Structures are given as structure tokens and as C-alpha cells.
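This is a predicted model, so every value here is computed, not measured.
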Amino acid sequence: VVRRKLSIILHFSNEKDIPLDSRFSELGLDSLVSVEFKNVLEKEFGVSLKTSIAYDYPSIPLVSDYLVSLLWENQNNKNQLMGSKLKKMF
């Protein structure tokens with residue numbers, strides 16, 4: 001998903017034209033495009049991200065790994081919240 005979204009933003013005709021090991025700076029991702037990339041990822045995954053995500057995690061695998069960990073953490077937090085709400089009900 002990350003690769004597909006990036007290919008659309010950078011106007012690649014095919015997502016496979018983006019090598020997975022490429023750094024975003026090598027692909028021409030500048031500060032304006034990185035904000036657009038962040039916004040697209042936030043909408044796609046329903047999470048809040050720092051504006052610097054493309055610089056903090058400067059490749060598709062690094063962003064993907066970060067998103068997985070963030071989504072996992074969010075799910076665990078939701079499960080804990082649900083558990084505490086259920087305990088209060090009984």
C-alpha cells in the first residue's frame with residue numbers, strides 16, 4: 001500500500017518502478033511532497049503521523065515497519081481500553 005500510494009504521488013506509471021531499497025530523497029521526495037505523502041498515509045491507515053515521517057523513516061520498508069508497529073500499538077491500546085470498560089460494566 002505504501003509503495004502504491006507513493007507511486008501515485010510521484011507520478012510513476014507503475015508502483016514496481018520504485019525500487020524498495022530507494023531512499024525517498026533519491027526518488028525526488030521534497031518537503032511539499034512529503035507532507036502530501038504523510039496526509040495520504042494518515043487517511044489510508046487512520047493514524048496521526050509526524051510531518052517528518054518521510055525523513056525519520058526514509059524508505060518504503062522503514063515507513064511500512066513503522067506503520068505496522070504504530071497500528072499494532074494502537075490495536076493493543078484499544079484492546080486494553082475495551083478490557084477496562086468491560087471490567088467497569090461488571
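The heavy-atom pair separating P19 from D17 by the smallest distance is CD-O, 3.2 Å. S7 and R4 get closest at one heavy-atom pair: OG-O, 2.7 Å. When all heavy atoms of S34 and Y55 are compared, the pair lying nearest together is OG-CE1, 3.6 Å. The two residues L29 and V33 come nearest to each other via the heavy atoms CD1-CG1, 3.2 Å. Residues V47 and E42 share a closest heavy-atom pair of O-CG, 3.1 Å. Closest approach of A54 and F37 over heavy atoms only: CB-CD2, 4.4 Å.
Atom CG of L10 sits about 12.5 Å away from atom CD of E15, to the nearest 0.5 Å. With rounding to the nearest 0.5 Å, the separation of CD in E44 from CG in N39 is 13.0 Å. For the atom pair I18 CD1 and S59 OG, the distance stands at 12.0 Å (nearest 0.5 Å). Atom CG of L70 and atom CD1 of I53 lie 8.0 Å apart (nearest 0.5 Å).
In this view, Y66 and Y57 satisfy the ring-ring contact (aromatic ring centres under 6.0 Å, His included) rule, not counting sequence neighbours.
The side-chain heavy atoms of K38 and K50, taken from C-beta on, include no pair separated by under 4.5 Å. L67 has its side chain out of reach of V1: every pair of non-hydrogen atoms, C-beta onward, lies at least 4.5 Å apart. L6 is listed as a side-chain neighbour of L27, based on a closest heavy-atom distance under 4.5 Å.
Not a single donor-acceptor pair under 3.5 Å links the side chain of R3 to the backbone N or O of I60.
Hydrophobic clustering of Ile, Leu, Val, Met, Phe, Trp and Tyr side chains at less than 4.5 Å, counting indirect connections, unites V40 with L71.
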